[in-house]
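This is a predicted model, so every value here is computed, not measured. In what follows, chains are A, B, ... by sequence order, proteins preceding strands, each numbered from 1. These values consider heavy atoms only, across backbone and side chains, with no hydrogens, waters or symmetry-generated copies.
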Amino acid sequence: MAEITCSQATQQALDEAMAADPTVLVFGEDVADPEGGGIMGSTAGLSTKYGSRVRSTPISEQAIAGAAVGAAIAGMRPVAEIMLMNFITVAMDMIVNHAAKTRFMSGGKTAVPLTIRTMSGAGIGAGGQHSDMYEAWLAHVPGLKVVVPSNAADQKALLKSCIFDDDPCIFVETTYIQFVKGEVPDDYEAPLGKAKVSREGTDVTIVGYGRPILDALAVAEKLAAEGISVEVVDLRTVMPWDQETVFKSVAKTKRAVTLHEAVVQFGVGAEISSRIHEELFDTLKAPVQRVGSMNTVVPYSAPLEQNFMWSQDKIEAAIRRTLERK
Amino acid sequence: MAEITCSQATQQALDEAMAADPTVLVFGEDVADPEGGGIMGSTAGLSTKYGSRVRSTPISEQAIAGAAVGAAIAGMRPVAEIMLMNFITVAMDMIVNHAAKTRFMSGGKTAVPLTIRTMSGAGIGAGGQHSDMYEAWLAHVPGLKVVVPSNAADQKALLKSCIFDDDPCIFVETTYIQFVKGEVPDDYEAPLGKAKVSREGTDVTIVGYGRPILDALAVAEKLAAEGISVEVVDLRTVMPWDQETVFKSVAKTKRAVTLHEAVVQFGVGAEISSRIHEELFDTLKAPVQRVGSMNTVVPYSAPLEQNFMWSQDKIEAAIRRTLERK
Amino acid sequence: MTRPNAAAGPEDLIKIYRTSTLIKQTDEAIRGLLRRGRLQANYYSPRGQEIVAAAMAATLQPDDYVVTIYRGLHDHLAKGVPLKALMAEYFGKVDGSCKGKGGCMHITHPEAGVMVTTGIVGSGMPIANGLALASQERKDGRVTVTNFGDGATNIGSFHESMNLASLWKLPVVFLCQNNLFAEHTATELCTAGNIVDRAKGYAMPGILVDGNDPEAMYAAARQAVDRARDGEGPTLIEARTFRFEGHNYGDPSSYIPKEMMAEAKANDPVPKLRALLIERGIATEDEVAKIDADAAAEIAEAVTFAQESPYPDVAENLSDVYATVLENA
Amino acid sequence: MTRPNAAAGPEDLIKIYRTSTLIKQTDEAIRGLLRRGRLQANYYSPRGQEIVAAAMAATLQPDDYVVTIYRGLHDHLAKGVPLKALMAEYFGKVDGSCKGKGGCMHITHPEAGVMVTTGIVGSGMPIANGLALASQERKDGRVTVTNFGDGATNIGSFHESMNLASLWKLPVVFLCQNNLFAEHTATELCTAGNIVDRAKGYAMPGILVDGNDPEAMYAAARQAVDRARDGEGPTLIEARTFRFEGHNYGDPSSYIPKEMMAEAKANDPVPKLRALLIERGIATEDEVAKIDADAAAEIAEAVTFAQESPYPDVAENLSDVYATVLENA
Ligand SMILES: Cc1ncc(C[n+]2csc(CCOP(=O)(O)OP(=O)(O)O)c2C)c(N)n1
Ligand SMILES: Cc1ncc(C[n+]2csc(CCOP(=O)(O)OP(=O)(O)O)c2C)c(N)n1
Ligand SMILES: [Mg+2]
Ligand SMILES: [Mg+2]
């Protein structure tokens with residue numbers, strides 16, 4: 001089985017979806033082949049193959065997201081690209097007031113089966129306006145589904161799940177891992193709303209998603225040498241998140257750490273932590289710990305950026321905090 | 001002492017701030033007197049008194065928020081109005097990528113002492129696009145301060161605190177209570193970041209802000225008859241929130257309920273609940289309960305809207321859940 | 001380029017009148033209900049703008065798409081949203097177009113081609129482009145009309161949408177219903193330059209028309225709709241009109257000069273069209289009276305229907321959020 | 001209206017050349033550092049656009065405000081950001097303009113009037129209006145220049161800003177540096193109509209100019225700046241130019257036709273101005289050579305300075321988030 005990068009996983013998912021279903025459309029800045037097939041090459045070859053179903057757009061995120069909303073209402077399955085997550089700030093109205101609410105407000109008469117692909121993440125020196133993770137905002141908007149894969153196989157399978165899902169999905173690709181390769185089995189599928197236990201363990205559960213899962217696995221490996229057994233739950237879908245799998249895991253380990261790239265405060269980890277406490281108050285041996293980035297603007301200077309980010313050290317420290325109590 | 005409405009409180013705060021400091025500017029849709037002095041009358045009389053320092057704008061929320069950012073960078077203290085909170089979705093870039101980050105990204109060279117006033121809240125039949133509370137988004141953005149008053153005195157005092165604060169402040173006025181009257185002592189002050197214990201109690205702490213504080217107080221009054229003593233902490237400032245006061249209260253009562261208008265999932269209550277569990281794990285007698293609105297789009301139909309909203313019944317039920325455990 | 005057959009014939013004018021009187025009377029009925037406290041709603045009256053919607057709709061096919069705004073009653077009725085479903089939605093009842101969940105600001109009725117009604121100024125336009133994009137890809141021959149006010153021409157989404165529609169030659173008509181005010185602000189205080197001139201900046205044709213003149217409005221609409229249907233791309237129409245009832249129900253309209261209001265009302269376009277039909281011998285007094293009476297009867301029936309329709313079950317709060325109800329939400 | 005004294009004199013041309021050669025050489029130095037792995041940065045070269053910035057700056061006062069974008073090196077240097085502070089910021093060092101916290105996409109240097117450098121396309125314009133609003137209220141006589149690319153003219157904030165600036169007669173100059181591409185997309189594929197024509201839709205004057213021609217660019221800038229300073233309101237300048245190095249460092253520019261690139265490079269505006277100075281007898285070969293050499297020396301010194309400057313302490317992550325460090329954050 002050949003290994004492919006996360007970007008290639010996206011490209012394959014789009015290609016297969018477009019081949020399978022003529023209602024799938026792709027548009028965004030620079031996505032067509034004359035413009036390079038996407039800044040990451042994630043849409044390379046598609047416009048050549050599918051013609052006007054793949055279109056480069058002006059720099060007009062409201063128009064991009066709006067066109068996706070409208071086309072979806074009319075029965076298409078548009079996959080719109082908002083190049084970086086910070087740019088959804090100019091398209092929030094379309095996503096929040098329209099994509100998310102249209103099914104409900106129409107009493108079920110119109111659905112919005114769109115996918116918005118976007119990319120973000122710190123660690124590449126892109127500074128304050130090109131690195132933020134705002135998935136917590138979107139998870140707080142009823143009607144949206146939010147997906148953040150951590151590897152190529154999931155990126156491919158989950159993107160297809162989003163495209164063929166009947167609800168509006170926000171699909172977040174982490175910049176840093178787009179060139180990381182992974183095996184993608186041909187028949188691999190990943191349904192929305194289902195977490196994956198990436199590593200089994202008995203002493204503490206890490207609940208996270210996206211790029212930091214790689215760090216969680218590394219820390220788990222390291223601590224295994226000390227006899228600390230860490231279970232890693234990769235949520236994959238942030239909303240709706242797989243409470244069943246998480247509660248099952250934490251019921252077993254009795255300790256949990258939440259983990260994501262976004263800043264800790266008011267982040268997704270807060271919801272997960274709250275729910276775990278609500279459900280497993282009597283079971284927990286220690287308060288759930290939260291790991292994420294620091295409550296500050298993403299800094300440019302390399303040492304500052306490293307200090308800002310979650311890290312394996314911070315994950316390890318959080319795990320040890322949960323283990324302090326017997 | 002005369003009673004004034006919350007809208008009048010805003011008007012007085014603006015008037016006093018403008019009189020005190022010539023750098024205070026006010027602009028937004030329909031805010032000048034020929035246009036009625038604001039749809040709630042909150043800016044009535046100001047343009048007549050202060051001339052071009054008060055301006056009605058086109059329907060251009062990016063331009064409004066952007067003008068505030070720029071004027072603030074240039075040393076003014078603009079108070080911009082985004083009529084309803086759902087409309088910040090078109091101005092998020094200015095608020096998030098610029099207002100919030102400018103001080104940090106400039107290494108402290110430029111500050112953004114702006115205030116954005118906005119209004120929202122369910123319960124008036126305004127439906128899916130005019131009722132949402134998105135303060136959790138803004139609290140998740142380092143650099144912003146977020147304030148939600150629950151009464152006229154705080155609305156007036158906190159607005160002045162925002163205007164004269166050197167950081168960008170988002171000031172959320174709750175639609176429903178704008179015509180509610182309250183006493184406003186002349187010398188009343190309310191610093192940012194300080195909660196108010198609105199009612200003292202010993203059995204359980206309600207931590208909330210905004211309109212639902214009125215419900216919390218009503219429930220507290222009701223339960224007092226049963227001998228249940230409820231402490232009500234009105235956060236007033238959502239970010240940065242007064243952890244000291246909250247922890248002190250919960251350390252005493254050993255039980256807590258978070259309360260806000262916004263939908264529960266991924267809301268502000270999640271952060272508060274997580275922090276309480278993190279800090280007071282050994283003290284808590286029961287898991288923190290969260291009360292807010294249902295995880296759905298704000299419905300139009302009156303009975304649905306009532307069902308969607310937090311309520312005194314839901315608050316009472318949450319309190320009783322915390323008391324189930326001894 | 002003016003096309004042949006762009007002129008409204010007698011049948012068209014009768015149709016426009018039928019639609020207009022239905023709109024006018026429905027609006028009066030709704031305001032009556034509000035006044036008597038029989039209905040609670042944030043209501044944005046289209047009184048005075050009836051002809052714009054009626055003439056536009058007269059040029060459309062049943063399956064053409066329409067996108068409109070909170071001030072949309074006229075557009076909804078003109079495009080054929082059934083009065084009962086509409087009225088029940090105003091009352092928040094289960095028989096409403098959207099089961100009472102969307103409400104009067106968010107009427108959706110795909111059977112009539114009414115795809116989106118938005119409460120966010122300017123937001124209909126990007127979405128209209130998407131509907132038109134679907135039509136373009138499917139080659140289904142549909143045209144999408146997106147309605148918005150003068151105030152909406154100053155928001156970013158207008159600009160982005162005009163540009164994209166022009167570039168992609170989307171089959172969409174941008175219909176600006178310029179009623180001279182945006183909430184309480186006069187157009188010239190918030191709009192630099194002329195709205196219709198903005199079309200040029202997008203290499204798009206722009207048509208300025210008296211929206212209250214049924215023949216002129218029909219001709220403008222026809223031209224734009226035909227152009228869109230022929231694959232030649234979008235058109236901006238600036239239809240000058242006026243709203244008689246202020247921004248929303250209860251607005252005392254103190255910001256509107258008295259003479260301006262008086263003049264507008266003296267030129268009420270609906271009775272004017274009525275008179276024109278008779279004067280030109282297109283219809284007799286009896287015939288128009290019957291049209292008026294039919295509308296009144298239909299409205300009375302719809303109001304009763306809406307009032308008697310039950311409220312939706314509160315379980316509706318959990319359905320239609322997602323395609324299937326989420327377990328833990 | 002063309003104003004008197006709008007023409008660039010010999011001193012102006014020398015100044016423009018001095019600025020241009022500094023920009024050109026700094027850009028080359030930065031690309032050299034990137035190539036040799038001595039610097040890591042997302043870098044957007046302004047090579048080819050030097051004259052636009054240099055001529056514009058030659059018309060400005062020291063305390064006038066400038067807002068620009070990630071591709072802003074030319075604007076920063078032209079307005080007078082000290083090279084050492086600039087270079088140290090690129091390296092993320094504590095002596096950088098922003099203590100290394102903002103980085104090369106976000107240079108701020110109020111002492112030189114550089115108030116905002118944004119990485120979000122179009123976002124500088126609404127903020128520029130705010131700076132200009134402050135000047136208008138304070139009557140401080142300042143002009144604000146906001147720089148942006150051709151691609152930025154298709155985003156909502158452009159539209160909203162142009163309209164507001166025109167309505168309020170703000171002292172702002174909208175300088176569109178049209179380098180014919182937005183990332184990898186040619187202007188005509190993403191922009192319907194002509195950029196300069198969009199000004200008319202806001203009742204604003206628009207000037208189309210060859211931005212690589214120092215005299216034409218100076219005259220256009222001068223006219224717009226004077227107009228703004230005289231309280232007559234904003235102007236849109238569309239300055240045609242070209243970027244030689246693609247969108248960002250490492251971009252192979254495969255989407256740019258080879259002949260187009262070759263022709264642009266054959267008309268490299270900086271050596272062209274150098275030749276013109278000599279040809280016209282404005283400066284001797286020795287004099288321009290000294291200007292070039294001075295720039296080179298200054299750059300070498302700044303690079304050393306930047307490399308030797310320490311990284312900021314990680315405690316900087318907590319400061320400047322708010323005016324005072326929050327206790328529990
Ligand atoms: C983005 C946004 N900003 C502000 C509002 C508040 N608002 C509702 S209607 C309106 C005026 C719109 O005027 P116009 O576009 O002329 O339409 P009209 O109401 O006159 O039909 C405003 C400002 C809104 N709904 N959406
Ligand atoms: C709102 C937003 N959308 C997309 C981007 C990604 N992006 C960065 S630069 C750029 C192209 C801008 O082109 P133009 O305005 O012509 O400026 P140039 O780079 O040519 O100087 C794009 C699309 C962004 N930074 N901001
Ligand atoms: Mg209007
Ligand atoms: Mg460009």
Original post:
Between the side chains of C/Tyr70 and C/Asn42, is a donor N or O closer than 3.5 angstrom to an acceptor N or O?
Top reply: no

**OP:** Look at A/Pro58, A/Ala100, A/Ala65 and state which one has the largest set of heavy-atom pairs under 4.5 Å with chain C.
**Re:** A/Pro58

Subject >> Contacting moiety of C/Val67, where chain A heavy atoms sit under 4.5 Å >> reply: neither

Subject >> Residue, of C/Ser123, C/Gly156, C/Ala134, C/Gly102, that accumulates the most heavy atom pairs under 4.5 Å with chain A >> reply: C/Ser123

Subject >> Contact origin within A/Lys101 toward chain C - heavy atom pairs under 4.5 Å >> reply: neither

Subject >> Under 4.5 Å from any heavy atom of chain A - which part of C/Thr117 >> reply: neither

Subject >> For chain A, the option from C/Glu89, C/Lys99, C/Met125 that forms the most heavy-atom pairs under 4.5 Å >> reply: C/Lys99

Original post:
Given the rule in the salt bridge (Lys or Arg N to Asp or Glu O under 4.0 Å) test, do A/Arg55 and A/Glu29 qualify, once you have shown the distances and angles that lead to the verdict?
Top reply: CA-CA 8 Å; A/Arg55 304 185 185 201; A/Glu29 291 155 20; over 6 Å; no

Original post:
Does any heavy atom of chain C fall under 4.5 Å from the side chain of A/Ile64, the backbone, both, or neither of them?
Top reply: neither

Original post:
Does one side chain, of A/His98 or C/Thr118, offer a donor that lies under 3.5 Å from an acceptor on the other?
Top reply: yes

Original post:
So, C/Glu183 versus C/Asn248: side-chain donor-acceptor pair below 3.5 Å or not?
Top reply: no

Original post:
Would you say the side chains of A/Glu231 and A/Ser249 form a donor-acceptor pair under 3.5 Å?
Top reply: yes

**OP:** Let me see the working for A/Lys252 and A/Thr283 under side chain to side chain donor-acceptor pair (under 3.5 Å), right down to the final yes or no.
**Re:** CA-CA 9 Å; A/Lys252 175 177 72 177; A/Thr283 310; over 6 Å; no

Subject >> Toward chain A, the part of C/Gln136 with a non-hydrogen atom under 4.5 Å >> reply: side chain

Original post:
Between A/Lys145 and A/Ser161, do the side chains contain an N or O donor and an N or O acceptor separated by less than 3.5 Å?
Top reply: no

Original post:
Would you say the side chains of C/Thr304 and C/Gln307 form a donor-acceptor pair under 3.5 Å?
Top reply: no

Original post:
Using a cut-off of under 4.5 Å for heavy-atom pairs, which of A/Ala63, A/Gly193, A/Gly143 has the most such pairs with chain C?
Top reply: A/Gly143

Subject >> When C/Met115, C/Arg138, C/Glu316 are compared by non-hydrogen pairs under 4.5 Å with chain A, the top option >> reply: C/Arg138

Original post:
Any side-chain donor-acceptor pair under 3.5 Å between A/Glu81 and A/Thr43?
Top reply: no

**OP:** Against chain A, label C/Asp140 side chain, backbone, both or neither, depending on which of its atoms sit under 4.5 Å from a heavy atom there.
**Re:** neither

**OP:** Let me know if C/Arg142 has heavy atoms under 4.5 Å from chain A in its side chain, its backbone, both or neither.
**Re:** neither

**OP:** Give the member of C/Thr324, C/Ile127, C/Asn163, C/Leu167 that has the highest number of heavy-atom pairs under 4.5 Å with chain A.
**Re:** C/Ile127

**OP:** Taking atom types as modelled, find out whether A/Asp30 and A/Ser56 have a side-chain donor-acceptor pair closer than 3.5 angstrom.
**Re:** no

Original post:
Can you tell which of A/Thr102, A/Leu144, A/Val112 has the highest number of heavy-atom pairs within less than 4.5 Å of chain C?
Top reply: A/Leu144

Original post:
Which atoms of C/Ile107 come close to chain A, meaning under 4.5 Å heavy atom to heavy atom: side chain ones, backbone ones, both, or neither?
Top reply: neither

